[in-house]
Amino acid sequence: MSIKTLNFSKAGNRQEESEDSLAINSERERYSVCDGASDSIFSGWWASCLAGEFVDGDYNLDSGEEYFKMLLNARKKWYSGINWNRLQWNVKNKSIRGSYCTFMGVQLVRDDSLYCNAWAVGDSCFFIDDGNRLQSFPVSSPEDFGVHPDLVWSGYGHPMNERKEYVPEYKVKAFKPEIENCKRIVLATDALSKYILENGVESIDRIWENSGSREFFDKLRSNGSIKNDDISAIIISFS
Amino acid sequence: MSYESEISRRKPGLFIFLVDQSRSMSKKISGGKHSKAQEAADAINRQLNEIISRCTKSDGVRPYFDVGVIGYGYKSGDATGLISDQPIPINELESHILRMEKKTENIDGEDIEIEFPVWFDPVASYDTPMVKGLTIAKQWIDDWVQRNPDSFPPVLINISDGGATDGNPKDVADQIMEIGTSDGKTLIWNCHISEKNEKSVSFPKDETEVPEEKHAREMFEMSSVIPDSMLAIAKEEYQNVDTGARAYVYNANLEDLIRLLDIGTRVVYNKVK
């Protein structure tokens, strides 16, 4: 089994401005990609806290209780990572409303056969490539990438957090496929996911081969094959 | 395709706000507690704050927009830039703040005290040299378009309570609406605010929908036709808006003023990538 990752900021932005985040815990065989919403502030940091919390924990997100526990722990990390007293007025005003991101988390499960648990909120996707056929979750058609996907909220920033409790919503979708004979699995944020759905399994071969080349993806963005957005993916090859 | 260009740091957008500072602006606006001058200044200051908020990231304000504000009528026959003498990048507005004010904002049912910047104060002094104001705007837009030929086209929002006292503003407005980028012509939005408690006319399609008063018709003619790509947002607020509607509200009360500013700017925010 080998793993490749990619995370490229949108054209015109510096790499550190990417609001996508990916996390891997090889020991636990847990993987996550999260896409920070550009409308909110500190969303890249929130995406990083959430992806990290998922892979380093044992959360089974079929359970709302476990999901809320994961969010509360991720939120603690998010909140403590921001120096609320030193924010400029405009950052302070915007951060009151908290941060948002999509979530995709996958756990490999080795039992009699190899299968996985995939959990999603929003339009970051999970793909199974068996060499011929592509399965996707939770979005199944390129037309279904909307402007307003479901998002995971960090809860309020300071000082609203002192007035109102953090009450997250349970909007998790689950998928539990067997992947014993598959060639590759992919976790990807929306822009790259749409490209994969439009171009099928061959596109995963191309992404695998060019995962280290920003130039390759810039070209796809400049010719309109991929929309100009942050793109990130984790590709796991079993062959 | 027109009015489709992405807005980015390489291809910023431009907002110019024009505000009437004539004596009649001292009268209380319909539907509000304060004078038309005060409400117009508050609305523009709030809108500048909103543009900054849209461009604010954790590392600071990204220069997705250039902005400028022109006041006309602060002295007889004259107009001037109220914040700067030409449009400036949004991230430079910080250094032009007049003062910070504490205001209460209701967020999800909780009143939170928030600090808001004020860039300029209301003025209600002399006559209505709208032609002079538009002429300065034309110069700003001309210069800006030279530097940003492929950007989303400039958006000019004019707030006034009456007719121009220094000539026919339609001529210069026509010239402005002819200036454009490769993505489309400059858009002019007009808001005629009123102290009268009369029904407003929102986004008329035909000039017969507005009263037969000279300045009402003039402002209709100097308002852009709302591009199809922007109609959806206008329709969210005003269901009767149809293809061919002008970017114009006549006899606007305070609520209409705020909604027009919101529509005129929100359609452009959505282009930020």
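Given the structure is predicted, the values throughout are model-derived calculations rather than measurements. Throughout, protein chains are lettered first and strands after them, A, B, ... in sequence-line order, and every chain is numbered starting at 1.
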Discussion item. So, using side-chain hydrogen bond (donor to acceptor under 3.5 Å, both in side chains) as the criterion, who are the partners of A:Gln15 when residues are at least two apart?
Written reply: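 With sequence neighbours excluded, A:Gln15 shows a side-chain hydrogen bond (donor to acceptor under 3.5 Å, both in side chains) to A:Arg214, given in chain and number order.
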Discussion item. Other residues, nucleotides and ligands only: do more than 12 of their heavy atoms fall within 6.0 Å of CZ on B:Arg99?
Written reply: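 Yes, because the 6.0 Å sphere around CZ of B:Arg99 holds more than 12 heavy atoms from other groups.
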Discussion item. Counting only heavy atoms not in B:Lys103 (residues, nucleotides, ligands), do more than 12 fall under 6.0 Å from its NZ?
Written reply: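 Result for NZ/B:Lys103: enclosed.
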Practice prompt. Check the pair B:Asp59, A:Arg14 against salt bridge (charged side-chain N to carboxylate O under 4.0 Å, His left out), reporting the backbone distance first and the verdict last.
Written response: CA-CA 12 Å; B:Asp59 58 352; A:Arg14 297 189 297 272; 3.7 Å; yes
Worksheet item: Heavy-atom distance under 4.5 Å to chain B: side chain of A:Glu19, backbone, both or neither?
Response: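 Side chain only.
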Worksheet item: What residues of residues 35-56 of chain A sit under 4.5 Å from chain B when you count only heavy atoms?
Response: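 At a heavy-atom separation under 4.5 Å, chain B is reached by A:Ser38, A:Ile41, A:Phe42.
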Worksheet item: So which residues of residues 87-94 of chain A are in contact with chain B at a heavy-atom cut-off of under 4.5 Å?
Response: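 If one takes a 4.5 Å heavy-atom cut-off, the residues of residues 87-94 of chain A near chain B are A:Gln88, A:Trp89, A:Asn90, A:Val91, A:Asn93, A:Lys94.
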Fill in: Side-chain donor or acceptor of A:Arg163 paired with backbone N/O of B:Asp111 under 3.5 Å
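Yes, because the side chain of A:Arg163 sits within donor-acceptor range (under 3.5 Å) of the backbone of B:Asp111.
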Worksheet item: So what's closer than 4.5 Å to chain A heavy atoms on B:Leu93: side chain, backbone, both or neither?
Response: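 Answer is neither: B:Leu93 stays 4.5 Å or more from chain A.
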Worksheet item: Which bit of B:Glu113 is near chain A, if near means a heavy-atom gap under 4.5 Å: side chain, backbone, both or neither?
Response: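 Looking at B:Glu113, nothing touches chain A.
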Discussion item. So that I can tick it off, tell me whether A:Glu17 and B:Arg9 are bridged by a salt bridge, with the cut-off set at under 4.0 angstrom between side-chain N and carboxylate O.
Written reply: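 Counted as a salt bridge, because a side-chain N and a carboxylate O are separated by less than 4.0 Å.
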Worksheet item: Rounded to the nearest 0.5 Å, how far does CD1 of B:Ile107 lie from CZ of A:Arg97?
Response: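 That separation rounds to 4.5 Å.
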Item to complete: Identify which of B:Glu110, B:Arg54, B:Met100 forms the greatest number of heavy-atom pairs closer than 4.5 Å to chain A.
Response: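 The residue among B:Glu110, B:Arg54, B:Met100 with the greatest pair count is B:Glu110.
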Contacts under 3.5 angstrom, residues 164-171 of chain A side chains, donor-acceptor by atom type, not counting sequence neighbours:
from     : atom 1 : to       : atom 2 : distance (Å)
A:Lys164 : NZ     : B:Asp108 : O      : 2.5
A:Tyr166 : OH     : A:Trp153 : O      : 2.5
A:Tyr170 : OH     : A:Leu61  : O      : 2.6
A:Tyr170 : OH     : A:Asp62  : O      : 3.3
A:Lys171 : NZ     : A:Leu151 : O      : 3.2

Worksheet entry | 4.5 Å side-chain heavy-atom contact, B:Glu105 and A:Ile96 |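 With C-beta onward as the side chain, the pair stays apart.
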